[in-house]
Amino acid sequence: MPKKKVRPTREKPGHRPGESLRVLISDARLHRRIRQLAREIRRDFPKDELHLIGVLKGSVFFLADLARELGGEVSFDFIGVSSYGSGTDSTGEVRLTKDLDVSIDSRTVIIVEDILDTGLTLKYLLHVFEERKPKHLRTIVLLDKVERRIADVKADYTGFPIPNEFVVGYGLDFDQRYRNLPTVCILQFSSKKKTKSQ
Ligand code: IMP
């Protein structure tokens with residue numbers, strides 16, 4: 001029988017005409033940093049059961065990798081919020097689209113976000129969760145666009161401060177595409193491709 005050809009899956013990002021990608025953070029750097037962050041968190045909470053709350057959908061790979069680097073007891077849940085339309089600019093509005101499945105009362109909770117941009121999403125989530133009386137409430141973000149901040153909010157743990165560029169990959173999307181890239185890339189538009197937010 002002829003041997004089946006196996007196509008490499010990590011080779012092509014599948015970008016469209018008018019869009020180009022430049023790697024900002026390699027997968028090796030991502031994983032090194034996530035290991036360090038996990039150690040920091042465990043140092044701060046050596047005995048606690050950590051309850052991670054991933055903000056859908058951008059945080060899924062980050063949460064999955066972080067959870068596997070954290071020793072000890074770990075559980076997780078997800079919350080859905082919408083703040084972006086179909087373009088690259090925020091609408092400025094935050095809305096809950098999916099609530100938690102289990103209570104966070106008296107638990108050590110860590111909100112896991114992909115990127116801190118204006119800070120409006122994280123500020124909103126902190127407000128929502130503080131009212132639910134967790135034992136501790138902390139935040140971790142993989143990327144921080146410091147320049148773009150509007151809300152007065154700071155993450156307790158930060159992976160990488162980044163410049164004011166639109167990034168995709170490792171969970172982050174543009175119009176739901178590029179989430180599956182293993183690296184964080186800057187997305188550039190060579191034509192009038194960039195669309196306005198809804
Ligand atoms: P914030 O409320 O403005 O801080 O925005 C947070 C959310 O906006 C993130 O969870 C992302 O979903 C989205 N976002 C902000 N900047 C980017 C980006 O560069 N690429 C992809 N999504 C982004």
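Every heavy atom of this structure was used, including side-chain atoms; hydrogens, water molecules and symmetry mates were not. When a ligand or atom number is given, it counts from 1 through the structure's own listing order.
- Remark: side-chain polar atoms of T183 are not paired, donor with acceptor, to backbone N or O of C185 under 3.5 angstrom.
- Annotation: D173 places no N or O atom under 3.5 Å from an N or O atom of ligand 1; distance criterion only.
- Separating the OG atom in S59 from the CZ atom in F78 is a distance of 6.0 Å, to the nearest 0.5 Å.
- Numbered from 1 in the order shown, with element, the atoms of ligand 1 that lie under 4.0 Å from a heavy atom of L172 read 20 (N), 21 (C), 22 (N).
- Near T121, with a cut-off below 4.0 Å to any heavy atom, the atoms of ligand 1 are 1 (P), 2 (O), 5 (O), 6 (C).
- Atoms of ligand 1 found under 4.0 Å from any heavy atom of D114 (numbered from 1 in listed order, with element): 9 (C), 10 (O), 11 (C), 12 (O).
- In this structure, the separation between CD1 on I186 and CZ on R22 is 4.0 Å, given to the nearest 0.5 Å.
- The closest approach between a heavy atom of K145 and any atom of ligand 1 is below 4.0 Å.
- To the nearest 0.5 Å, the span separating CD1 on I53 from CD1 on I104 amounts to 5.0 Å.
- The E165 neighbourhood of ligand 1 comprises atoms 19 (O), with distances under 4.0 Å to a heavy atom of that residue.
- Atom CG of L116 and atom CD1 of I162 lie 10.0 Å apart (nearest 0.5 Å).
- We find the CD1-NE2 distance between I111 and H51 to be 11.0 Å, quoted to the nearest 0.5 Å.
- For a threshold of 3.5 Å applied to N or O pairs, the pair formed by G119 and ligand 1 contains at least one separation below that value.
- Summarising the geometry, atom CG belonging to D175 is positioned 8.0 Å from atom CD belonging to E19; distances are rounded to the nearest 0.5 Å.
- Counting heavy atoms under 4.0 Å from ligand 1, residue I115 touches it through both backbone and side chain.
- Between V55 and ligand 1 there is no heavy-atom distance shorter than 4.0 Å.
- Classified by interplanar angle (parallel below 30°, tilted 30° to 60°, perpendicular above 60°), the ring pair F174/F166 is perpendicular.
- Taking 4.0 Å as the cut-off, R149 does not count as a neighbour of ligand 1 on heavy-atom distance.
- Any N or O atom pair closer than 3.5 Å counts here, and V167 shares at least one such pair with ligand 1.
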